[in-house]
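Worksheet for the structure shown next.
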Amino acid sequence: MSISLFNIDAYREHLSAGTLIITPNRRIRAKMLQAHTQAMTAAGHSTWNTPNVHSLEGWIRQQYEAAIYERPELVEGHTVLTPDQETSIWEHVVQASQADAGILNYRAAAEQAAKAYKAMALWQEDVDLTLFSETAATEAFANWAQSFEGVCRTMNVTPAARIPETVLAAYQEGALDKAKLILLVGFDDVPPVHQSVFEAAADTIQIEEVVPVEDGKTSLLAAIDDRDEIRLAAMWAQSMVMRDQGATVGVIVPDLGQRRDEVHRTFSAILDPNHLRVDQNSYAPVFNISAGEPLFAQPLVVAAMDVLALNRHQLNASTIKSLMMSPLIGGGVSESDVRAKTWRRIAERKDQSVTRERFLADIEKAGTLKSFLNAAVVSIADPDSLKLPSEWAADIANQLEAAGWPGEAALNSVEYQTVKAFHRALHELAGNDPVMEKVSLSKATATLARLVKNTPFQPETKDSPVQVLGALEGAGLNFDYLWVMGMRDDKWPAAPAPSPFIPIHLQRSRNMPNASPERELEFARSLTNRFATAGKQVVFSYPSHDKENEVTPSSMVAQYPEVERQAVAEHFLPSHEFWAPARGVVSSTAKERSVPLEAAGGRMKGGVSVFKDYALCPFKGFAKHRLKVNELEAPEEGVDHGVRGQLSHLMMQNVWETLKDQATLMQYMADPGALEGMLRGCAEHTVEGWERADQLTARVKQLEASRLVLMASSWLKIDAARSPFKVVEMEAATEVDVHGVTIMIKRDRVDETMIGEKVVLDYKENAPAMSGWKADGLYEPQVPIGALTLPDSDAVNAAAFAGLNRDKQMLRGLTGNGDIAGTLEAGSEADFAEVKKGWDEALKRISGKILAGELSIEPISQNVACANCEIKSVCRKDLKSSLAA
């Protein structure tokens with residue numbers, strides 16, 4: 001029988017009797033109530049009283065509201081500050097203080113000050129100026145705290161940190177009725193002010209330990225690295241779900257807040273068969289992650305903030321793209337084709353930013369979008385005025401409605417919750433009137449952006465068998481199976497991180513969180529012991545390597561028996577089996593059907609890139625060259641890398657059209673003035689003759705010409721050191737046949753030595769490693785194809801990458817005759833002939849895949865093929881997870 005996430009056996013009588021039970025967080029409360037509901041239902045009850053169970057935060061706030069209702073004179077200001085409002089006051093205080101020398105980020109200092117102030121309140125300590133003269137930081141904080149409290153009194157508001165004090169005073173003065181018993185369940189640590197409140201609020205306080213799972217089995221696993229640890233945990237969770245239907249599975253990630261995205265991606269690929277489906281409005285995912293994403297990360301909120309960017313007179317390229325491609329702005333679904341074509345036309349200009357007026361003129365053909373955005377722009381009558389935040393909040397809501405946000409399609413459950421959360425953020429902005437007074441629209445928008453960035457969003461979904469939790473959220477829960485990650489000696493227990501604003505001796509003497517190694521050791525040991533007895537099977541894991549460094553397990557788990565990596569996922573199913581039709585997902589095979597290239601002579605557009613992309617991964621080659629899936633290049637600041645590469649190629653072509661051979665080069669080298677003049681002329685011709693020269697300003701042209709002169713001048717020293725040669729081919733487009741596939745090729749440069757041998761050069765900004773030329777893993781085919789398709793290919797006896805980057809200039813390649821000795825890997829003619837034979841065999845294999853239309857996802861290497869792949873959005877690589885290291 002499956003274990004409930006919370007074992008209520010020891011609390012049944014208390015739950016039925018209405019005993020006040022307080023939990024450290026809302027999750028444990030929810031699981032306790034859920035377990036009680038299941039128990040009552042199983043016992044045949046149809047109705048029962050709601051148990052008197054509360055989270056600590058919820059109960060304190062409830063008692064505060066009751067206290068000010070009964071005795072309003074207990075507090076000076078009945079309005080409780082929100083976290084953002086409180087930090088804004090701290091920021092104002094810090095910025096206005098004369099003791100802020102050296103502070104570069106007022107907001108960050110304000111956030112740290114707010115945390116220190118809360119800690120002092122929880123530990124019932126006053127901010128005494130005499131005590132806080134220990135350091136400049138503590139003394140500054142003491143002054144800030146006095147100013148902060150003065151501002152709160154003037155504004156007639158209450159900091160949230162002072163709520164427990166009010167509740168304590170209410171109980172001490174008899175304003176609130178005491179309970180006979182308070183049962184504290186799942187607490188590892190109770191701050192002094194809460195302890196005082198409990199003692200004043202009840203005749204008896206009883207601390208209950210969470211009931212452990214009996215006869216559990218605990219083991220230790222060493223993963224390869226951090227990524228492998230996450231992947232193994234996901235595979236193990238999937239195998240537990242498959243092996244034991246209805247079981248509860250927990251995965252504890254101590255630093256879940258920092259690693260949420262990576263954890264979510266990996267678990268989605270392995271566990272969630274519906275996460276990529278757009279037709280699923282509501283479903284129960286196989287796993288649930290407790291750590292919410294920032295509200296700002298939700299597409300609906302991104303779209304809303306993009307609409308608000310229309311209030312600026314200059315729009316950047318990324319905002320324009322989002323506005324054009326979003327289905328969440330009026331008509332975004334029905335007009336999607338027209339908008340996509342319009343965006344491509346705009347993107348091809350590669351403008352980094354445009355004026356709002358130019359953008360609205362550009363979208364003339366996307367009539368519906370222009371209509372909505374025009375309406376949004378004019379919806380705010382006086383955008384340059386100063387208004388109260390509440391007035392701007394109303395204007396912003398009207399502007400979003402005018403833009404057709406949140407789109408024409410029906411909202412699913414998560415989207416509906418997102419819209420509600422965004423409106424709550426708008427409401428919070430409106431509540432800033434006492435804190436901010438009248439501000440500009442840009443200030444109000446920036447405040448809203450900060451609110452949605454700092455607001456965690458965790459949509460409510462149906463129960464999932466796998467729960468991914470942080471360390472504190474998982475403490476106090478029981479599972480059938482539990483995996484605890486990150487048990488490495490250098491991070492568990494965590495290193496102490498005392499507040500810089502509270503005297504260190506005070507933090508340590510009061511045993512405040514993060515104050516000392518002893519405190520962290522005690523805390524980590526308590527959590528570890530609780531995890532070890534929280535399931536019938538518990539796996540502690542750690543990464544055995546962190547980059548180049550070896551990692552050892554935490555001493556707290558080192559005593560447990562180790563298990564092999566493969567053993568923990570023995571029931572793991574490959575994605576195409578786990579995502580079976582029975583789960584409502586179309587099954588896919590590891591290798592999809594081929595779509596042969598029709599009998600058009602094997603002709604392909606794309607040049608050598610066809611072979612390179614198919615070599616890297618057949619799916620990438622098929623998607624880019626058969627389906628024409630290509631990512632538009634994003635504009636870059638200044639001259640982007642693509643433009644620089646084109647100019648460098650063109651410069652070298654112009655230089656060698658002038659020189660023609662090394663003998664002429666040597667003549668110029670003997671006359672530096674003539675060489676400088678020749679290079680300057682070639683550079684100016686290059687910049688002015690470039691096909692898109694009109695896109696460059698006069699100053700940029702001047703800078704690029706100077707760069708090209710320096711690059712070529714430095715490079716020619718390498719060519720001057722070689723054996724005599726002449727250049728016989730440069731940048732000439734030629735149609736060639738490569739084992740039945742016809743493509744266009746441009747050989748960057750072909751040299752001919754005095755004995756008639758050919759050298760094929762491929763210009764690169766940075767010369768890549770020669771691993772891309774290996775016959776059993778060829779993925780840099782430019783030079784091999786160029787060499788093998790020359791009319792006199794037998795004469796080719798050297799090949800090289802020419803790295804043009806002035807800081808890393810080099811020739812890197814192979815030679816069979818010693819030409820360019822000392823810069824290339826030398827061998828005999830027979831050796832080079834063998835290399836060319838290997839290239840030919842490799843190209844034959846690749847051309848076979850092209851002709852067959854192979855589209856399997858088989859990257860030659862994750863690092864080489866996938867790291868910078870531009871078609872990740874249409875790739876299903878992550879669906880092919882396996883145990884392979």
Side-chain angles (χ1 to χ4, degrees), residues 25 57 79-123 125 127 132 134-152 155 157-164 191 193 255-260 291-297 389 421 424-425 428-429 431-432 434-436 439 443-458 470 472 494-504 506-507 512-515:
N25 55 55
E57 182 183 0
T79 301
V80 178
L81 293 171
T82 66
D84 188 76
Q85 290 171 340
E86 190 166 329
T87 307
S88 293
I89 294 176
W90 278 106
E91 184 178 11
H92 173 75
V93 166
V94 172
Q95 195 165 1
S97 171
Q98 297 302 310
D100 61 357
I103 295 177
L104 300 178
N105 188 326
Y106 292 118
R107 189 75 188 182
E111 291 170 352
Q112 290 296 318
K115 289 180 181 178
Y117 187 79
K118 180 178 180 180
M120 293 294 287
L122 288 175
W123 261 257
E125 291 286 345
V127 183
F132 275 67
E134 183 175 280
T135 67
T138 57
E139 187 173 1
F141 170 71
N143 289 311
W144 298 343
Q146 284 193 343
S147 299
F148 172 77
E149 290 174 344
V151 172
C152 289
M155 295 174 59
V157 295
T158 298
R162 294 301 175 187
I163 289 178
V193 72
D255 54 349
L256 182 59
Q258 290 74 45
R259 304 179 69 187
R260 185 195 187 283
E293 292 182 293
L295 182 59
F296 189 78
R424 285 195 295 271
E428 190 171 347
L429 170 65
N432 275 318
V435 181
M436 298 176 65
V439 296
K443 175 69 173 178
T445 304
T447 302
L448 177 62
R450 186 177 68 238
L451 287 171
V452 295
K453 284 179 181 177
N454 294 335
T455 300
F457 178 67
Q458 182 69 33
L472 294 179
S499 170
F501 292 139
I502 303 176
I504 187 66
L506 175 61
Q507 295 184 63
M512 291 184 178
N514 306 312

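- Pairing each heavy atom of Phe501 with each of Ala116, the nearest pair is CB-CB, 3.9 Å.
- In this view, Glu293 and Arg260 satisfy the salt bridge (charged side-chain N to carboxylate O under 4.0 Å, His left out) rule, not counting sequence neighbours.
- In this structure, the side chain of Ser97 does not engage the main chain of Val93 through any donor-acceptor pair within 3.5 Å.
- Across all their heavy atoms, Phe132 and Val127 have their closest contact at CE1-CA, 4.0 Å.
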Notebook entry, point to check: Between Ser499 and Lys115, does a side-chain contact (heavy atoms from CB on, under 4.5 Å) hold up when you go through it step by step?
Noted result: CA-CA 8 Å; Ser499 170; Lys115 289 180 181 178; over 6 Å; no

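- Taking Glu134 as the reference, His505 meet the side chain to side chain donor-acceptor pair (under 3.5 Å) condition, with sequence neighbours excluded.
- Closest of all the heavy-atom pairs between Ala110 and Thr87 is CB-O, 3.7 Å.
- Checked against salt bridge (charged side-chain N to carboxylate O under 4.0 Å, His left out), Arg424 has no partners two or more places apart in sequence or in another chain.
- For Asn105, the side-chain contact (heavy atoms from CB on, under 4.5 Å) partners two or more places apart in sequence, or in a different chain, are Arg107, Ala108.
- Here the shortest heavy-atom pairing between Ala137 and Pro500 reads CB-O, 3.5 Å.
- Applying the salt bridge (charged side-chain N to carboxylate O under 4.0 Å, His left out) test to Arg162 and every residue at least two apart in sequence or in another chain returns Glu149, Glu165.
- A distance of 6.5 Å separates CH2 in Trp90 from OH in Tyr117, rounded to the nearest 0.5 Å.
- Around CD of Glu57, the count of heavy atoms belonging to other residues, nucleotides or ligands within 6.0 Å does not exceed 12.
- Within the model, atoms CD of Glu125 and CE of Met512 stand 5.5 Å from one another, a figure rounded to the nearest 0.5 Å.
- Taking the side chain as every heavy atom from C-beta outward, Ile504 and Gln507 approach each other to under 4.5 Å.
- Remark: Gln112 engages no residue in a side chain to side chain donor-acceptor pair (under 3.5 Å) (not counting sequence neighbours).
- With sequence neighbours excluded, the residues satisfying side-chain contact (heavy atoms from CB on, under 4.5 Å) with Ala119 are Ile502.
- Residues Pro294 and Lys453 come closest through the heavy atom pair CB-O, 3.4 Å.
- In this structure Gln85 satisfies the side-chain contact (heavy atoms from CB on, under 4.5 Å) test together with Leu81, Thr82, Asn432, Val435, sequence neighbours excluded.
- The side chain to side chain donor-acceptor pair (under 3.5 Å) test applied to Ser147 returns no partner, not counting sequence neighbours.
- Residues satisfying the side-chain contact (heavy atoms from CB on, under 4.5 Å) test with Val193, not counting sequence neighbours, are Leu122, Gln124, Pro164.
- One distance of note links CZ of Phe141 with CZ of Phe148; it measures 9.5 Å at 0.5 Å rounding.
- Not a single side chain to side chain donor-acceptor pair (under 3.5 Å) links Asn25 to another residue, sequence neighbours left out.
- Taking Glu111 as the reference, nothing meets the salt bridge (charged side-chain N to carboxylate O under 4.0 Å, His left out) condition, with sequence neighbours excluded.
- You'll find the side chain of Asp84 stays beyond 4.5 Å of the side chain of Thr455, heavy atoms only.
- Between Pro159 and Cys152, the shortest heavy-atom distance links the atoms CG-SG, 3.8 Å.
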